[in-house]
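For the single chain, residues carry numbers from 1 onward in sequence order. Computed from a prediction, not measured in an experiment: that's the story for all the values here.
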Amino acid sequence: MWTKKKNLFSRDADSQYYPASTTKIMTALITYEKTKLEGTVTIQSGDLGLSECPVVRFLPGEKYSVKSLLYAMLLSSSNEAAMALARHSGGTVMAFVDEMNKKARTLGCLHTHFQNPHGISYPGHMTCANDLRKIFEAFLAVPDLVKIAASPNYELLTVDGKPIQYLMSTNKLLDLYQGMVAGKTGWTPESRNTFVGLCQRKDKKLIIVILDSPNKWHDALVLLQPFLGGPLP
């Protein structure tokens, strides 16, 4: 897919920054490698309580398919879904994080270290633009994951069919920019705005990686338009 790669523009591409929820690209990749999207996850109390106002309100004892939790994590950026998937796929969350770091080294990521599967800022939880691009390229090589990240919305159900929430993608470029294939957003006070995404128009494919941005959507359009043209016809 990426046999003819060219770096069109970069700035501070090897400088370390907090990745925020772009971390979940690696979490999704390891989850896929461990589960192939099969299996059922029971929410536990230890998966919860990461924020006062979670984007998805899971309850202990609820059962979800692995795929449903990936939708919750990649579309709505649920930290709790990331924790549940890590625990389920790795046995423990920290064992899963070890797998994330091993995978980063395998991909040649020299400036990346993960401390958690969700991306909440923590000392030592860092990446750089070049490394995040490598991780995203590995993610893009898995069609099942791309399909999830490319979805604008998803109805979250428990395994017994109970409707929980209608999820909407945090990736605004799916609506704003013609050719946006898939991406992942992130934000924390320490990281500011982060984003990684793939756009394609005809035979042109462009990956953009944004870290430490005051306005990721403005910066994304500034990067995209010189190479692929305006947002919409």
Side-chain angles (χ1 to χ4, degrees), residues 16-32 47-58 68-87 89 93 96-97 99-101 103-104 109 111-129 131-140 142 145-146 148-154 156 165 167-174 180-198 207-217 219-220:
Q16 287 186 308
Y17 296 98
Y18 291 114
S21 284
T22 58
T23 297
K24 295 179 173 101
I25 292 293
M26 180 64 95
T27 302
L29 187 59
I30 300 300
T31 297
Y32 178 82
D47 304 327
L48 311 177
L50 293 170
S51 58
E52 292 184 4
C53 299
V55 294
V56 180
R57 292 192 176 275
F58 294 105
S68 291
L69 289 181
L70 279 166
Y71 272 99
M73 183 180 73
L74 292 174
L75 268 62
S76 294
S77 206
S78 169
N79 295 328
E80 292 74 20
M83 287 289 285
L85 288 168
R87 174 183 51 77
S89 303
V93 172
F96 185 91
V97 172
E99 292 294 328
M100 294 170 69
N101 286 316
K103 184 68 174 182
C109 299
H111 305 284
T112 294
H113 185 76
F114 297 109
Q115 298 276 26
N116 60 62
H118 41 69
I120 293 175
S121 297
Y122 189 86
H125 187 93
M126 308 293 284
T127 192
C128 70
D131 286 358
L132 189 52
R133 171 187 54 80
K134 293 173 184 176
I135 296 167
F136 191 49
E137 287 176 355
F139 177 95
L140 293 173
V142 183
L145 295 180
V146 175
I148 293 172
S151 302
N153 50 65
Y154 181 77
L156 181 66
Q165 189 169 325
L167 308 176
M168 302 293 292
S169 176
T170 60
N171 182 5
K172 293 182 179 180
L173 291 186
L174 288 173
M180 170 55 62
V181 176
K184 184 71 195 77
T185 63
W187 181 88
T188 70
E190 298 81 9
S191 70
R192 301 201 295 173
N193 288 280
T194 65
F195 180 71
V196 58
L198 168 68
I207 288 178
I208 58 171
V209 180
I210 298 170
L211 296 169
D212 191 35
S213 168
N215 186 331
K216 58 178 169 277
W217 305 128
D219 289 348

Here the pair of heavy atoms bringing Gly119 nearest to Asn116 is N-OD1, 2.6 Å
Under 4.5 Å between any side-chain heavy atoms of Thr170 and Trp187, yes or no? no
His125 meets the ring pair (Phe, Tyr, Trp, His ring centres under 6.0 Å) criterion, sequence neighbours left out, with Phe114
Closest non-hydrogen contact found for Arg192 with Ser213 is CB-O, 3.5 Å
Applying salt bridge (Lys or Arg N to Asp or Glu O under 4.0 Å) to Asp47 and not counting sequence neighbours gives Arg87
Rounded to the nearest 0.5 angstrom, the OG1-CE distance for Thr112 and Met26 is 7.5 Å
Asn193 side chain to Pro214 main-chain N or O, any donor-acceptor pair under 3.5 Å? yes
Exercise. Can Arg133 and Glu137 be counted as an ion pair, charged N to O under 4.0 angstrom?
Worked result: yes
Using only heavy-atom distances, determine whether the side chains of Lys24 and Ser21 contain a donor-acceptor pair under 3.5 Å.
yes
>> Any heavy-atom pair between the side chains of Val55 and Ser78 that's under 4.5 Å?
In response: yes
Smallest heavy-atom separation, Ala149 atom then Ala182 atom, equals CB-CB, 3.8 Å
Check your understanding: Within a strict 4.5 Å, meaning less than it, do heavy atoms of the Val97 and Met100 side chains meet?
Key -> yes
Beyond-backbone contact of Tyr18 with Thr23, side-chain heavy atoms, under 4.5 angstrom: no
Minimal heavy-atom distance between Leu69 and Ala81, with the atoms involved, is O-CB, 3.6 Å
Rounded to the nearest 0.5 Å, the CZ atom of Phe139 sits from the CG atom of Leu198 at a distance of 10.5 Å
When every non-hydrogen atom of Ser169 is compared with those of Leu174, the smallest separation belongs to OG-CD1, 3.6 Å
Does the side chain of Thr194 come within less than 4.5 Å of Leu132's, by heavy atoms?
-> no
Contacts of Ser51 meeting side chain to side chain contact (heavy atoms under 4.5 Å, CB included) (sequence neighbours excluded), chain-then-number -> Pro54, Glu80
For Lys134, the salt bridge (Lys or Arg N to Asp or Glu O under 4.0 Å) test, sequence neighbours excluded, returns none
Taken to the nearest 0.5 Å, the spacing of Leu211 CG from Thr127 OG1 works out to 7.0 Å
For a 4.5 angstrom cut-off between non-hydrogen side-chain atoms, does Leu173 reach Phe195? yes
Quick check: do Asp131 and Phe136 have side-chain heavy atoms less than 4.5 Å from each other?
no
Residues Ser77 and Lys184: side-chain donor-acceptor under 3.5 angstrom: yes
Which of Leu145, Thr27, Leu85, Leu70 passes side chain to side chain contact (heavy atoms under 4.5 Å, CB included) with Tyr32? It is Leu145
Residues Pro117 and Val93: closest non-hydrogen pair is CD-CG1, 3.9 Å
OG1 of Thr22 to CD1 of Ile210, rounded to nearest 0.5 Å, is 11.0 Å
Sorted by chain and residue number, the side chain to side chain contact (heavy atoms under 4.5 Å, CB included) partners of Ser151 (sequence neighbours excluded) come out as Tyr71, Leu75
Would the distance check show the side chain of Asn79 and the main-chain N or O of Leu50 forming a donor-acceptor pair, the cut-off being under 3.5 Å? no
Applying side chain to side chain contact (heavy atoms under 4.5 Å, CB included) to Ser89 and not counting sequence neighbours gives Thr31, Lys34, Thr35, Phe96
Check whether any side-chain heavy atom of Met126 lies under 4.5 Å from a side-chain heavy atom of His111, and answer yes or no. no
Rounding to 0.5 Å, atoms CD1 (Ile25) and CD1 (Ile30) come to a distance of 12.5 Å
